[in-house]
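Chain A is the first sequence line, chain B the second, and so forth, proteins listed ahead of strands; every chain is numbered from 1.
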2 protein chains.
Amino acid sequence: MAKATPKRPWGEGIQDRGEQYELKRQVVLRTAARIYTQRGFHETTLTDIAEALNISKPTLYYYFRSKDEILFECHRLGIEAITDGETPMPPPGEGTARERLHEFLRRYVRMVVDDFGTCLVMTGANALGPENRAEVVGGRRQIDGMLRGILEEGARDGTIVCDDIMLTSMFIFGAMNWIPHWFHREGEINVDTLSVRLVAFVDRALLSAPQ
Amino acid sequence: MAKATPKRPWGEGIQDRGEQYELKRQVVLRTAARIYTQRGFHETTLTDIAEALNISKPTLYYYFRSKDEILFECHRLGIEAITDGETPMPPPGEGTARERLHEFLRRYVRMVVDDFGTCLVMTGANALGPENRAEVVGGRRQIDGMLRGILEEGARDGTIVCDDIMLTSMFIFGAMNWIPHWFHREGEINVDTLSVRLVAFVDRALLSAPQ
DNA sequence: TGGTTGTTCGACCCGTGGGTCGAATCGCGA
DNA sequence: TCGCGATTCGACCCACGGGTCGAACAACCA
C-alpha cells in the first residue's frame, strides 16, 4: 500500500511529464465539453468544471489560458473529427455520389453524437473571441461545402435528385444537428440504429421521384 | 407642431391606459426576442434590451418582473402560434393524414421564422426557472405529440410510410428547428419557397418506397 | 390649479464569476 | 537527502449585470 493511490483525480500511469500534460488537457476538454453541452457555455462556471474534475479553478488556468480557449479547443476537436478523420473521406470520383453521401452522413452522425461534436453543434460559436470564432466558422463552412459538393456531384451523375441544393443541405444538417437535443447515448436507441435510420430518411428524400 | 412628438420611443396612438400598457409590453417582447435570438439569452443584458428601445433598465421592470419572465413570455407566444393559431389545426379524421401533415409543417415553418418562434427554438428553455420551464417543456411536448400523432395516423391510413415514428419526427423537427440558424427574412429566399421546399423534402422522405 | 395615479429614470446594491498571485506541495534526478 | 522545476491551490481582485429604491415627471379628473 506504500504509494498506492496518490489521490490524484487524473488517473494513474507513469507516462513522462509532457505526455501527462497532454493527457490531462484532454480530460479537461472532455469534461468541459460535456458540461458546456448540458448547461450551456455561459451558464457553466469554471468552478463547475473544476469541481467535476476534483481540481481547483487556478489549476484549470495551468492548462488553458481562458474559458474561451477551452470552448475553442472543444470546437476544434469536433470539426477535426469530420474534416480529417483517421479514414479520410473518399475523394470525388471514387464511387457514386450517393455512396459518398451515405459515408458523409454516417460520419457526421458519429461526430455529432460524440462529446466534442455535440458541444460544437449545441453551443453557438458567438461566444468565442473574433479570431477563434473565425476559425470555427471557417471549419463549419468547409463541412457545409463537403455536403453541398456531394449533392452537386450527385445531381450531375444522376444518383441524387433534388430541387435546391442549398436548401436541401440545410434540411439535412438540421436533421443531424438537432440530434444532440434529444438523443442520449444511454437511451434505448443505439448510435448505429440512429445512423441507419437517418441515412434511410435522407436517402428517400433525395432519390425518389416526387409524388 | 404643438405637442407633435412627445419623444416617447413607444410610438403614438391615443389608446386608453391599459391598452397602451399591453401594446408596450408587446414591443418589449418583440425586441427582446430578436436580441435574445441574435446574442443568446445569457449574453444579452437588460441594458441591451433597454437601449434598443431607448428606455432605461428600471422601466423594463415596470412591465416585467424579471429577465426570465421576458424570455418566458417570448416562448409562450412562440408555442401559442402553433397550438392555438387563429385557424385551428384540422382535427384528426378531417382529410388524409398526409394533408394534415403538410398543414402542420407549413404552420410550423411559419412559426419558426417569426421572432417568437425563432426565440423559442434557439434559446434553450433551461435558462428558465423550474415552473416556467415546466410550462414551456409541456408546450413543446404537446407540439411533438401533434406531429407524432399525424405520423401514426398516416401509418394507419397508409398515406405515410416510415420505419420509426419517433426518430422520423425528430429528424423532421430537426430540419425545421435548424432553419433559424441560417435563414434570414431579408435574404434571397422567401418564406413561401422555404415552406414549399421543406414540405416537398419531408413528403418524399415519407411517401416513397425505399430504394 | 391641485391632487392622484400611472410612468420613467438616475443612482445604488450586491452576488457572481472570470481571472490573478504567491505560497505550498509534489516528484524526479543527483 | 537535497534541490529545483512542475503542479496545485487558497485567497483575493474587480468588472459586470440583475434587481431595487425613491424621486421626478406626465396625464387625467375635479
- Item | Under-4.0 Å side-chain N/O to phosphate OP1/OP2 contact, B:T47 with D:dG17 | no
- Whole-Å distance, B:Q20 CD to D:dA26 P, equals 16 Å
- Task: Kindly say if A:Y62 contacts the phosphate of D:dC9, meaning a side-chain N or O under 4.0 Å from OP1 or OP2.
- Result: no
- Message: Test your reading of the model: is there a side-chain donor-acceptor pair from A:E69 to the backbone of A:R65, 3.5 Å cut-off?
- Response: yes
- Determine yes or no for a side-chain-to-main-chain donor-acceptor pair under 3.5 angstrom, with B:D68 supplying the side chain and B:G129 the backbone. yes
- With distance as the sole test, does A:R25 use its side chain to make a donor-acceptor pair with the main-chain N or O of A:Y63 at under 3.5 Å? yes
- Query: Is it the case that B:T123 and B:H42 place a side-chain donor and acceptor less than 3.5 Å from each other?
  - Reply: no
- Are A:L198 and A:Y108 close enough that some pair of their side-chain heavy atoms sits under 4.5 Å apart? no
- Item | N/O donor-acceptor pair under 3.5 Å between B:K67 side chain and B:T44 backbone | yes
- Please determine, by modelled atom types, if B:T193 and B:N190 share a side-chain donor-acceptor pair under 3.5 angstrom. yes
- Query: Please give, in whole Å, the distance from D:dT7 P to A:L60 CG?
  - Reply: 15 Å
- Message: Please report the distance, rounded to the nearest Å, between CG in A:N54 and C1' in D:dC9.
- Response: 14 Å
- Task: Please report, rounded to the nearest Å, how far the P atom of C:dT16 is from the CG atom of A:D48.
- Result: 13 Å
- Message: Just N and O in the side chain of B:K24: are any of them under 4.0 Å from OP1 or OP2 of C:dT7?
- Response: no
- Distance, rounded to the nearest Å, where B:E22 contributes CD and C:dG6 contributes P: 15 Å
- Query: Considering only heavy atoms from C-beta outward, does the side chain of A:L101 approach that of A:V199 to under 4.5 Å?
  - Reply: no
- Item | Integer-rounded Å distance: D:dT8 P and A:F64 CZ | 12 Å
Could you go through nucleotides 10-13 of chain C and list every protein N or O atom that sits under 3.5 Å from one of its N or O atoms, giving the distance for each pair?
none

- Message: So if I take residues 65-76 of chain B and measure heavy-atom distances to DNA chain D, which residues fall below 4.0 Å?
- Response: B:S66, B:K67
- Task: Indicate whether OP1 or OP2 belonging to D:dT8 is found under 4.0 Å from a side-chain N or O atom of A:Y63.
- Result: yes
- DNA chain C-proximal residues of residues 29-46 of chain A, any heavy atom under 4.0 Å: A:T44, A:T45, A:L46
- Message: Determine whether a donor-acceptor pair (N or O, by modelled atom type, separation under 3.5 Å) exists between the side chain of B:R204 and the backbone of A:C162.
- Response: no
- Task: Search all heavy atoms of A:R107 against all heavy atoms of A:I82 and return the closest pair with its distance.
- Result: NH1-O, 3.2 Å
- Sidechain-backbone polar pair: B:T118 side chain, B:D114 backbone, donor-acceptor under 3.5 Å: yes
